[in-house]
Each structure stands twice: as C-alpha cells, then as structure tokens.
Chemist: 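Next up is a structure, given as structure tokens.
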Amino acid sequence: MIVRLGYVALPLDIDDCSPSRTITYTNYTKIPNEDIRQDKILSLTKANLENTIRILKHNITKDISIYRITSKLVPLVTHDNVTRWNYIGKFKHYYDQIANIIESNNLRISSHPDIFNVLNSPNENVIYSSLDTLIYQNIILDAFRVTPVNGKLVMHIGGSYGNKNKSIKRFITNFARIPDRIKSRIIVENDDKIYNIKDTLYVAKSLGIPMVLDVHHHWCNNDGLRLSDFLFDIFSTWNNEVLSPKIHVSSPKSDKEFRSHADYINFESFNNFIKIAKTTDMDFDVMIEAKKKNLALYKLMEDIKKSTNYTIKNGASFIV
DNA sequence: ACCTGTCAAGTCTGG
DNA sequence: CCAGACTTGACAGGT
C-alpha cells in the first residue's frame, strides 16, 4: 500500500511566498480611482500566481505531489461589487507555466471552496454565490489544465437548518443544478459538527461521487459510528476514479479546543488510522491540515522514518 | 520590527 | 432577536 502526503496552500519554509495576498473590500472602496483599484487587484493576482509557481517548484524538490491550491488566488473575484475582469487572459503565461509544472511532474492538485459556500442553503442567494465560487474555481483548474478527472473540489454538505434529513435531500436536489463539468469535480467531506461519515457516505453514494474522509472531523462528530465499519465503503466511492481515495488528517489542538488544528500531527493517532486503513488494502493520499503546514508533513515523515512499520518511498510518501 | 483589530462570505450559539 | 464565535491568513494602522 502506497500512501502519499500533501499539504494546504502555504509552505512555511519559504519566505514571503503567500499565494493568497489580498485586499479587503473596505480598503478597495477607499481607492478613489477605478484604474488604480484595478491595478491593485492585478498586481496582487500576479504575485499570487508567481508565488504559486515558486511553491510548486519547492514542493517538487521535496517530492510532494499532493497540494491544495489557495481558494484566494484572485482577490475579491467573487465579490458582487468588484469589477469582473479577465483574470485568465491577462496572465495566460503564468497559468501555462503552472500547467506545465503540474503535467510534467504528475501533481495532484485540489481546491476547497471555503465555509461560506453552502449548496444546501434554503436561501437562493447563497446558492447563487456558491455556484459562482464553484464556477470560478473550475475556471482556475481549467487554466491549470487540471481536468475533472484529476482536479477535485472538496465541499461540505452544509448547514442542518433544524432538519438534517431534509437538508441532505436539499443538497442532493441542488447538486443537479451544478453544471456537469463542475459536478464531476465535486467530492464531499464529513464535517466536525453536523454531517458524520454515515451521512456523508449516503450523499456520496446517492450522487455517485467520491467521499473524502476527514479523520479529525470524525473524531469530533461520530455519533458512536466506528471508522472500521465504514472505511472500505468510503474508499470504494473512488472505484470509478483515476485518483486514489483521499483523506484529511489533523490533530486536536487541546482537550478544550478539540476542533482546532494542532501545529503537528499526533503520530500515535496516525498509526492507529493506518492500522484500520491497512484492512482495505488500497493506496490512498493524505492531505495534512496542520497549523505548521508542510513543516508538519516533514515531521510526520521523520516519525514514519523512525518507525519500523513503514518503508520510505521518497520525501513525501511511504509504503505500509 | 512587531502587535492588534479588522476583514467578503454563512450558520449556529448563547445571552 | 441579534451580537459574537467559528476559522483563516493577510492587511492596515498603530507603536
């Protein structure tokens, strides 16, 4: 079984490399001249693309082939009152450069629209803005020449609105409204408060889409369900995919702030998960969601090296 | 150079 | 019923 590790958006071992530089809407409106406002957005986007290139190159030197791009590459892009502009055409050469790096190194690139995108909301305006975000994310992945086969968008089921079953149904109904190309990118993840692994697996199976297991969320929100009873079925939602199943891994910050992410990954808990995963005999990919980002990935690899249970494959993958 | 409050967005909670 | 928490990195404005 081969397990590959990746991380989210921002490496902490390169200086000044944020791919998420931005301007707040309030400050945007303080700029009196439309041209200067536009210049500001352009220069931030340019910096974000350049930094994304630096990050991908850095990842390659560390054998990291799993990476989640920032959802904030283009500042204020989904804001209603900000002028729409051709954020692809203006920087085509950067997107092409990124596409070439991804292609020639066979990188797995994903994206995760943030918590404000809710597909099961009863509020139509929320649906519209969520669809808008999905369309934007799809455009970015397309510009990176990452197809729906390789580039997924991770979504949560959403709110409960006092009735989980009804809200699950609404997610399924609203899913039909998503353009087909974007539908084939969407994968669903269990969350830490409302939709547990059973709920999420039900949605994934109903829609015929893959499920991402978040091990930490399951620990926070499990209603007594045992991972060992569900993991094979969760991984099996990826059977028709080219990509391997993916899981999210993080550790609780403290007993009190158990939902918050700790700096690093608890190796004992990680080992325990691997024991369960071993019974599925399937390769899988791990998205590390630790505060210390890729530093936590390096530390986990160090722990894995010291353990006798594993064989190191390269800087960011190992064999169980 | 460093610290603090603020920020575009949605939902849920606690008062 | 509404303000604040949740969560996140980054900016703006202060010292």
Side-chain angles (χ1 to χ4, degrees), chain A residues 7-31 36-37 39-41 43-52 55 68-84 87 111-137 153-164 166-168 170-171 174 189 191-195 199 214 216-217 220-221 248 250-254 256-263 287-296:
Chain A
Y7 71 100
V8 179
L10 181 70
L12 299 185
D13 54 350
I14 324 176
D15 285 335
D16 192 28
C17 72
S18 170
S20 315
R21 294 197 51 198
T22 191
I23 180 171
T24 62
Y25 180 68
T26 309
N27 287 317
Y28 173 85
T29 55
K30 284 180 194 163
I31 303 173
I36 301 171
R37 279 204 294 265
D39 281 353
K40 182 68 186 171
I41 300 270
S43 68
L44 288 167
T45 305
K46 182 168 179 280
N48 289 342
L49 284 164
E50 286 171 347
N51 284 335
T52 299
I55 292 166
R68 181 194 297 166
I69 57 167
T70 171
S71 54
K72 302 180 186 72
L73 197 69
V74 184
L76 302 176
V77 66
T78 53
H79 197 284
D80 283 345
N81 300 330
V82 172
T83 316
R84 296 281 161 135
Y87 51 87
S111 186
H112 194 349
D114 45 19
I115 57 167
F116 309 106
N117 298 286
V118 187
L119 289 175
N120 76 344
S121 175
N123 179 344
E124 272 297 300
N125 290 330
V126 175
I127 306 290
Y128 288 141
S129 59
S130 301
L131 286 172
D132 206 33
T133 305
L134 290 175
I135 289 166
Y136 150 73
Q137 304 255 10
L153 297 168
V154 183
M155 300 289 293
H156 290 288
I157 309 301
S160 64
Y161 311 96
N163 187 328
K164 263 171 75 169
K166 266 190 181 170
S167 300
I168 284 175
R170 204 166 43 247
F171 183 94
N174 285 345
E189 177 192 348
D191 67 69
D192 59 357
K193 284 197 173 120
I194 303 164
Y195 297 103
D199 303 325
D214 188 305
H216 184 184
H217 288 169
C220 297
N221 174 30
H248 292 174
S250 51
S251 297
K253 187 176 176 183
S254 63
K256 207 176 166 197
E257 299 168 281
F258 62 93
R259 287 196 174 90
S260 301
H261 293 183
D263 286 354
M287 184 61 73
I288 305 281
E289 294 184 336
K291 276 269 179 216
K292 293 288 186 187
K293 306 285 180 181
N294 60 333
L295 303 185

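Being a predicted model, the structure only gives us computed values, none of them experimental. Proteins come first, then strands; the chains are lettered A, B, ... in the order of their sequence lines, and each starts at number 1.
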Chemist: Please examine the side chains of A/T70 and A/L10, heavy atoms only from C-beta on, and report whether any two atoms are closer than 4.5 Å.
Modeler: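 Heavy-atom side-chain distance check fails, nothing below 4.5 Å.
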Chemist: Ignoring the backbone of A/K72, work out which of B/dA8, B/dG10, C/dT7 is nearest its side chain.
Modeler: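 Within the option list, the nearest is B/dA8.
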Chemist: Does A/S260 have a side-chain nitrogen or oxygen under 4.0 Å from the phosphate oxygens OP1 or OP2 of C/dC6?
Modeler: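 Looking at the OP1 and OP2 atoms of C/dC6, neither is under 4.0 Å from any side-chain N or O of A/S260.
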Chemist: Counting C-beta onward and ignoring hydrogens, is there a side-chain heavy-atom pair between A/N123 and A/Y161 closer than 4.5 Å?
Modeler: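 No, too far: nothing below the 4.5 Å cut-off.
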Chemist: Pick the C1' atom in B/dA8 and in C/dC1, then give their distance to the nearest Å.
Modeler: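 Looking at atom C1' only, B/dA8 and C/dC1 are 24 Å apart.
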Chemist: Does any part of the side chain of A/S167, heavy atoms only, come nearer than 4.5 Å to the side chain of A/Y195, both counted from C-beta?
Modeler: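 A side-chain contact under 4.5 Å exists here.
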Chemist: Check DNA chain C for consecutive Watson-Crick or G-U pairs with both distances under 3.5 Å and list the runs of at least three as stems.
Modeler: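 So far as stems of 3 or more pairs are concerned, DNA chain C shows B:1-7 with C:9-15, B:10-15 with C:1-6.
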Chemist: Counting N and O atoms only, with roles assigned by atom type, does the side chain of A/S130 sit under 3.5 Å from a partner on the main chain of A/V118, one being a donor and the other an acceptor?
Modeler: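 Side chain of A/S130 to backbone of A/V118, a donor-acceptor pair under 3.5 Å: yes, one is there.
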Chemist: Under the 3.5 angstrom rule, does the side chain of A/D263 hit a backbone N or O of A/K292 as a donor-acceptor pair?
Modeler: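 No, A/D263 side chain to A/K292 backbone: no donor-acceptor pair under 3.5 Å.
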Chemist: Look at A/K293 and C/dG9 and indicate whether a side-chain polar atom (N or O) is within less than 4.0 Å of OP1 or OP2.
Modeler: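 For A/K293, the contact criterion (side-chain N or O under 4.0 Å from OP1 or OP2 of C/dG9) is met.
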Chemist: Output the distance between atom CG (A/N174) and atom CG (A/N120), rounded to the nearest 0.5 Å.
Modeler: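 Separation between the atoms: 7.5 Å.
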Chemist: Would you please indicate if the ring centroids of A/H248 and A/H217 are separated by under 6.0 Å?
Modeler: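 No, the ring of A/H248 stays outside the 6.0 Å limit from the ring of A/H217, centre to centre.
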Chemist: Any chance you could lay out the side chain to side chain contact (heavy atoms under 4.5 Å, CB included) test for A/R68 and A/V154, step after step, and finish with the verdict?
Modeler: CA-CA 10 Å; A/R68 181 194 297 166; A/V154 183; 5.5 Å; no
Chemist: What nucleic acid atoms does A/K291 come within less than 4.0 Å of, heavy atoms only: base, sugar-phosphate, or nothing?
Modeler: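 Sugar-phosphate contact only.
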Chemist: Listing time: all N or O pairs from protein to nucleotides 11-13 of chain B that are below 3.5 Å?
Modeler:
| residue | atom | partner | partner atom | Å |
| --- | --- | --- | --- | --- |
| B/dT11 | OP1 | A/S121 | OG | 2.9 |
| B/dT11 | OP1 | A/Y161 | OH | 2.4 |
| B/dC12 | OP1 | A/S160 | N | 2.6 |
| B/dC12 | OP1 | A/S160 | OG | 3.2 |
| B/dC12 | OP1 | A/Y161 | N | 3.3 |

Chemist: Starting at CD1 of A/I41 and ending at P of B/dA8, how long is that distance when rounded to a whole Å?
Modeler: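 In whole Å, B/dA8 P lies 12 Å from A/I41 CD1.
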Chemist: Rounded to whole angstrom, note down the P distance from C/dT8 over to B/dA1.
Modeler: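 Roughly 28 Å separates the two P atoms.
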Chemist: Are any of the side-chain heavy atoms of A/I41 and A/Y28 separated by less than 4.5 Å?
Modeler: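 The answer is yes; the side chains approach within 4.5 Å.
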Chemist: Would you tell me if any nitrogen or oxygen in the side chain of A/T78 comes within less than 4.0 Å of OP1 or OP2 on B/dA9?
Modeler: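 So the side chain of A/T78 is outside the cut-off, no N or O lying under 4.0 Å from OP1 or OP2 of B/dA9.
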Chemist: Provide, to the nearest angstrom, the distance between the CG atom belonging to A/D192 and the C1' atom belonging to C/dT7.
Modeler: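 The answer, rounded to whole Å, is 10 Å.
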Chemist: So if I define the base as every atom that isn't primed, P, OP1 or OP2, how would nucleotides 10-15 of chain C read as a B/S/- string at a heavy-atom cutoff under 4.0 Å?
Modeler: SSS---
Chemist: Check every strand shown and say whether A/T70 touches a base, only sugar-phosphate, or nothing at a heavy-atom separation below 4.0 Å.
Modeler: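 A/T70: no heavy atom of the nucleic acid under 4.0 Å.
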Chemist: Hey, is the main chain of A/F258 close enough, under 3.5 Å, to the side chain of A/H216 for a donor-acceptor pair?
Modeler: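 Yes.
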Chemist: Within this structure, what is the CZ-to-P distance between A/F258 and C/dA5, rounded to whole angstrom?
Modeler: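 Nearest whole value for this atom pair: 18 Å.
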Chemist: If you measure from CG on A/N51 to CZ on A/R21, what distance do you get to the nearest 0.5 Å?
Modeler: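 Going from CG on A/N51 over to CZ on A/R21, the span is 8.0 Å.
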Chemist: Would you confirm whether A/N221, through its side chain, and A/D191, through its main-chain N or O, come within 3.5 Å as a donor-acceptor pair?
Modeler: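 Present.
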Chemist: Rounding to an integer number of angstrom, what distance separates C/dA3 and B/dC7 when you compare their P atoms?
Modeler: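 Going atom to atom, P in each nucleotide, I get 15 Å.
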Chemist: Can you check the A/E189 CD to C/dT7 P distance for me, whole Å?
Modeler: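 Distance, rounded to whole Å: 14 Å.
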Chemist: Measure from NE2 on A/H112 to C1' on B/dG10 and round the result to the nearest Å.
Modeler: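 Going from A/H112 (NE2) to B/dG10 (C1'), I get 15 Å.
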Chemist: When the P atoms of B/dT13 and C/dT7 are compared, how many Å lie between them, rounded to an integer?
Modeler: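 Rounded to whole Å, the distance is 14 Å.
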Chemist: Taking the C1' atom in each of B/dT11 and C/dA10, what is the distance between them to the nearest angstrom?
Modeler: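 24 Å, rounded to whole Å.
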Chemist: A/I69 has an atom CD1; how far is it from atom P of C/dG9, in whole Å?
Modeler: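 It works out to 16 Å between those atoms.
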Chemist: A/D263 has an atom CG; how far is it from atom P of C/dG9, in whole Å?
Modeler: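 Those two atoms, CG and P, are 11 Å apart.
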Chemist: Nearest-Å distance, CD1 (A/I115) to C1' (B/dG10)?
Modeler: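 In whole Å, B/dG10 C1' lies 7 Å from A/I115 CD1.
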Chemist: What distance separates A/L76 CG from A/K40 NZ, expressed to the nearest 0.5 Å?
Modeler: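 Output value for this atom pair is 11.0 Å.
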